[in-house]
*Asks:* 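Could you have a look at this structure, given as structure tokens, before my questions?
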Amino acid sequence: MIDIAVLAVQGAFEEHIKHLKKHGVNGFELRQKSDLDRPFDGLILPGGESTVMGKLLHQLKMFEPLREKIRQGLPVFGTCAGLILLAKTIEKDDTVHFGVMDITVRRNGYGRQLGSFRRTAPMSPLGEIPMVFIRAPYIVSVSGKTEVLATIDERIVAAREGNMLVTSFHPELTDNFSVHRYFLDTMVRPHLSD
Ligand code: GLN
């Protein structure tokens with residue numbers, strides 16, 4: 001059985017856990033430092049408020065151990081605020097959270113008020129999938145080995161680099177499991193046999 005830890009200090013973590021459970025995958029909440037003692041095979045950084053999550057990660061002393069695990073190759077999937085946490089650069093902002101992925105991100109890229117919408121668009125290699133955006137960031141540019149997986153109106157909304165997958169939308173708020181399955185199949189399962 002695969003165990004996926006979902007960061008649960010703030011934001012939309014319950015939706016990820018429900019989404020995983022519905023598809024027969026065990027997800028559990030990472031609420032405090034001691035939760036990191038339990039072994040897990042992959043990590044989800046959910047949507048929410050990246051600034052608040054960043055602060056809480058430091059206060060709870062979870063920031064350094066999590067960054068170390070990600071740097072060492074733990075498979076990680078960041079949605080929305082989770083994407084911002086992984087980015088090396090946040091536009092017009094000196095803040096860097098984990099700073100591990102070669103992407104430059106624009107927070108609240110669709111505006112704060114009219115920022116929530118739903119679209120169906122192709123994501124490589126999954127084909128058309130439903131995408132829910134909530135005050136979403138988008139990726140302005142990628143560099144290094146980062147691969148773009150989905151673009152809407154020339155804005156990058158999904159990408160991967162090594163052990164890291166990010167989407168600026170929320171697949172856990174749809175009935176479609178293909179993005180999570182892609183994370184499990186291409187990142188988590190291959191990592192199990194390392
Ligand atoms: N706007 C939020 C941020 O900047 C992200 C929104 C979300 O995760 N739904 O952190």
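Ligands are counted one by one from 1 in listed order, and the atoms in each one are counted from 1 as well.
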*Asks:* Do T174 and N176 have side-chain atoms, one donor and one acceptor, less than 3.5 Å apart?
*Replies:*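 Per modelled atom types, T174 and N176 side chains form no pair under 3.5 Å.
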
*Asks:* Which protein heavy atom lies closest to atom 7 (C) of ligand 1, and at what distance to 0.1 Å?
*Replies:*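 Scanning the protein heavy atoms, the shortest distance from atom 7 (C) of ligand 1 goes to C80 SG, 2.7 Å.
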
*Asks:* Please work out whether any backbone atom (N, CA, C, O) or any side-chain heavy atom from C-beta onward of M53 is under 4.0 Å from ligand 1, and answer side chain, backbone, both or neither.
*Replies:*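 Within the 4.0 Å criterion, M53 makes no contact with ligand 1.
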
*Asks:* Do R160's NZ or CZ and the ring of F77 fall within the cation-pi criteria of under 6.0 Å and 45°?
*Replies:*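 Negative - R160 is either too far from the ring of F77 or too far off its axis.
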
*Asks:* Distance under 6.0 Å and angle within 45° of the ring axis: does R38 meet both against F28?
*Replies:*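 Flagged: R38 positioned over aromatic ring of F28.
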
*Asks:* Heavy atom under 4.0 Å from ligand 1: found in I84's side chain, backbone, both, or neither?
*Replies:*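 For I84, the contact with ligand 1 is made by the side chain alone.
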
*Asks:* As an exercise, identify every atom of ligand 1 less than 4.0 angstrom from a heavy atom of G47.
*Replies:*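 Numbered from 1, ligand 1 contributes 8 (O).
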
*Asks:* Cluster question for you: counting only ILVMFWY and a side-chain heavy-atom cut-off of under 4.5 Å, with indirect links fine, are L85 and I70 together?
*Replies:*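 Yes.
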
*Asks:* Salt bridge or not for D93 and R106, using N-O below 4.0 Å?
*Replies:*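 Salt bridge between D93 and R106, a charged N being under 4.0 Å from a carboxylate O: no.
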
*Asks:* Quick check on contacts: which atoms of ligand 1 are under 4.0 angstrom from a heavy atom of N108?
*Replies:*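 So the answer, numbered in order with elements, is 1 (N).
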
*Asks:* Taking only heavy atoms of S50, which atoms of ligand 1 are found under 4.0 Å from at least one of them?
*Replies:*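 Close to S50: 3 (C), 4 (O), 10 (O).
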
*Asks:* Is there a polar contact between ligand 1 and T51, counting only N or O atoms under 3.5 Å apart?
*Replies:*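 No, no N or O pair falls under 3.5 Å.
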
*Asks:* What residue among H16, H170, E15 forms side-chain hydrogen bond (donor to acceptor under 3.5 Å, both in side chains) with T79?
*Replies:*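 It is H16; the other options fail the test.
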
*Asks:* Quick one: nearest non-hydrogen protein atom to atom 2 (C) of ligand 1, plus distance?
*Replies:*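 In this structure, atom 2 (C) of ligand 1 has G48 O, 3.5 Å as its nearest protein heavy atom.
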
*Asks:* Can you tell whether the side chains of R67 and E64 come within less than 4.0 Å, N to carboxylate O?
*Replies:*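 A salt bridge links R67 with E64.
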
*Asks:* For the 3.5 Å polar cut-off, considering only N or O atoms, please tell me whether A136 and ligand 1 meet it.
*Replies:*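 Looking only at distances, the answer is no, because the N/O contact criterion of under 3.5 Å is not met.
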
*Asks:* Show which atoms of ligand 1 fall inside a sub-4.0 Å distance from at least one heavy-atom site of H170.
*Replies:*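 By the 4.0 Å cutoff, the relevant atoms are 9 (N).
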
*Asks:* Just to be sure I read this right, does ligand 1 sit under 4.0 Å from the backbone of R107, its side chain, both, or neither, counting only heavy atoms?
*Replies:*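 The side chain, only.
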
*Asks:* Applying a strict under-4.5 Å side-chain criterion to I, L, V, M, F, W and Y, I'd like to know whether M187 and F40 cluster together.
*Replies:*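 The answer is no; the residues belong to distinct hydrophobic clusters.
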
